[in-house]
Asks: 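The structure is given below, and queries will be raised subsequently.
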2 protein chains.
Amino acid sequence: MARSPQKSSAPASGNAVTADLVAVLVAVTDGAPKIMTIAGGSALPSGPFEFTHRSLQTALRAWVEAQTGHPLGYVEQLYTFADRGRSGDAKSPHSVSISYLGLTREDKVGEGFEAHWSGWYDYFPWEDHRAGAPGFIARSIAPKLKAWAKAASSPTLQRERWQRCAITFGLDDRDWNEELVLQRYELLWEASLIPEANHSRGREAPVVPGKPMTADHRRILATGIARLRAKIKYRPVVFELMPAEFTLLQLQRSVEALAGRLVHKQNFRRLIEQQELVEETGAMAADTVGRPAKLFRFRHAVLAERAVAGTKLPLSRT
Amino acid sequence: MARSPQKSSAPASGNAVTADLVAVLVAVTDGAPKIMTIAGGSALPSGPFEFTHRSLQTALRAWVEAQTGHPLGYVEQLYTFADRGRSGDAKSPHSVSISYLGLTREDKVGEGFEAHWSGWYDYFPWEDHRAGAPGFIARSIAPKLKAWAKAASSPTLQRERWQRCAITFGLDDRDWNEELVLQRYELLWEASLIPEANHSRGREAPVVPGKPMTADHRRILATGIARLRAKIKYRPVVFELMPAEFTLLQLQRSVEALAGRLVHKQNFRRLIEQQELVEETGAMAADTVGRPAKLFRFRHAVLAERAVAGTKLPLSRT
DNA sequence: CCATCTTATGCTCATGGAGAGTATAAATGG
DNA sequence: CCATTTATACTCTCCATGAGCATAAGATGG
């Protein structure tokens, strides 16, 4: 940045960069959260921003709709990174990557495109605590983190490192905090447990389960998941991922899929109903096991009615 | 964005833009929230991003420290905009503006720089509700908004417009929501009550009090204020704005200054203390009216101890 | 010294939301 | 009929939060 501040009305020459958009596109199908990927699931969809569009969001929407044939519901900017050329070479072209979170419903991907939907827990298996904490956290991740903590230079640093591990991964009887997705990824990265972190060095590092991605795409995905997990607690965004009509259990399963943890059923219903987020359609769910459930639809009116308070999660501690 | 998705490993030529950084730099002095401005208070500090820095944040920090001679505490990215040339001319250079929120303590600005601190309520007088809702909201803003609502084409639209006004400005006995800073600004913009909104047309529009800024800088500031008002409720970021030692009342005044509304004193103390965010220094405040207060300092340890829950605001409804 | 003002600090009370559990209803397949 | 599965209705307890009362500790002016 210039030493002397000034209005940015005269862009300095020699400062040219390229702007890329990267999208974390989320859908939920049958209790499985999906993200749109390309290149065989090894990258998030991305491409250069073209200034034929009025704004970044417009560009993203247009592109996604061309891809999926479906309008993109909720869109939110995630983060902007500056990359200084792939090889670290100061002469290589610089780029700015602007990432977005988008919510939609899974659907056929347009013909001739290489995009498809992948389960997001393929990339972050340690994030799914719906059936309790995955065994490999205690069996595999925790010991490796402990080794990493022990490798610090002083006893104080060792303690601090381990405390950080325990907090982010809910170890030592701490509670699991589902929102710390990015912190967990970054911790694993620092501990060299993420393949992307081994900068083309030849040596093999002990790595953790989970599919890697190109460049920093998995970090971007982590950012998106974290944002979404936080958001569903105070904004009714889950409905963007639901079909027009749904049962309360389906809604619950979607929330649980995103949060990666279970919710107390009765309290979940109480919350949804007392906030008047949904209304009955009058119909009942067909093709069901057990007692048939009422069908509901989202009351779009709530978006206008109030500065919407949200859908906090009635978590269960079991 | 390209129709065919691909890894962004080959930036397309002809897509060059310039990247600018814009900073919302906040400090609080004697219960007055300030922002750093340039050009006589008509613009936020900004400048081109230079790729000599490793990252955007590094660039921002370096620049701010050169400006103020003080390290920048908390830094957070706000939003990235794409501007298509000043005049709307498709041939003019495109730029991407990346805005940041930074917290620091007010201090002397380095010699020879045109930057200085301005009170943020100079730009958003309607946001300060510490002495109750400002009279001109009911006297001046509300009627103008009502007129704007009435100008909608259908009765339904008129009602929706007014409902939106009432929600964002807390009219019709609704509660004031201090976080809706951006929504309020955008509403006033749509209603042509913001000077920046009158696109160099000659006609005078009825405008609302508050100092305007260059380009979209006031919108960026609104984004920053909104983000900060939300953040202080769940992250202990206020302490970045406090001196090393402070009384609980000083802390409370700072929170109130940011939130633009009053807080219940006893409950505020209860909250701060039970969360163990501070510790006594042992000393007492000097130069005081009334009973002397204990001095406290921030317990930096809490940042490590937990996935910090925050400093919710014990609002008073009076 | 006393009255009064100002701020600090301790404590109680009522309300409501959240976590948790119990109980009953309505469907299906043996 | 019974076991199983899901839906739905209540109840209970705990605790955070908004609110207010009461007292303490300093200064100041008569």
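Order of the sequence lines sets the chain letters (A, B, ...), proteins ahead of strands, with each chain counted from 1.
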Asks: Do any side-chain nitrogens or oxygens of B/K265 fall under 4.0 Å of OP1 or OP2 in C/dT9?
Replies: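 So the side chain of B/K265 is outside the cut-off, no N or O lying under 4.0 Å from OP1 or OP2 of C/dT9.
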Asks: Checking A/R184 side chain against A/T168 main chain: does a donor-acceptor pair fall under 3.5 Å?
Replies: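 Yes, A/R184 side chain to A/T168 backbone: donor-acceptor pair under 3.5 Å.
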Asks: By nearest heavy atom, map B/G290 and B/F296 onto DNA chain C; which one lands nearer the 5' end?
Replies: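 So the residue in question is B/G290.
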Asks: Within the modelled atom types, does a donor on one side and an acceptor on the other bring the side chain of B/E273 and the base of C/dT9 under 3.5 Å apart?
Replies: no
Asks: Whole angstrom is fine here: how far is it from CG in B/N267 over to P in C/dA14?
Replies: 16 Å
Asks: Relative to the ring of A/H129, is the ring of A/W176 parallel (under 30°), tilted (30 to 60°) or perpendicular (over 60°)?
Replies: parallel
Asks: When you check the side-chain N and O atoms of A/Q183 and A/Y185, is any donor under 3.5 Å from an acceptor?
Replies: no
Asks: Rounding to an integer number of Å, can you tell me how far A/F268 CZ sits from D/dT8 C1'?
Replies: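 Atom CZ in A/F268 sits about 15 Å away from atom C1' in D/dT8.
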Asks: Do A/R270 and C/dG19 have a side chain to base donor-acceptor pair shorter than 3.5 Å?
Replies: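 Between C/dG19 and A/R270, which were checked side chain against base, a qualifying N/O pair under 3.5 Å is present.
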Asks: When we call it a touch if two heavy atoms are under 4.0 Å apart, what does A/L249 touch: a base, just sugar-phosphate, or nothing?
Replies: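 The answer is sugar-phosphate, as A/L249 gets under 4.0 Å only of primed atoms, P, OP1 or OP2.
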Asks: Among C/dA26, C/dT9, C/dG21, find the nucleotide with the atom closest to the side chain of A/P292.
Replies: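 When the side chain of A/P292 is considered, C/dA26 is the closest of C/dA26, C/dT9, C/dG21.
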Asks: Side chain of B/Q266: nearest nucleotide among C/dT9, C/dA26, C/dT22?
Replies: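 Closest nucleotide among those given: C/dT9.
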Asks: Run through B/K233, B/R229, B/R227 and flag the one making a side chain to side chain donor-acceptor pair (under 3.5 Å) with B/E179.
Replies: B/K233
Asks: Within the structure, does a side-chain N or O atom of B/R291 lie under 4.0 Å from either OP1 or OP2 of C/dT6?
Replies: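 For B/R291, the contact criterion (side-chain N or O under 4.0 Å from OP1 or OP2 of C/dT6) is not met.
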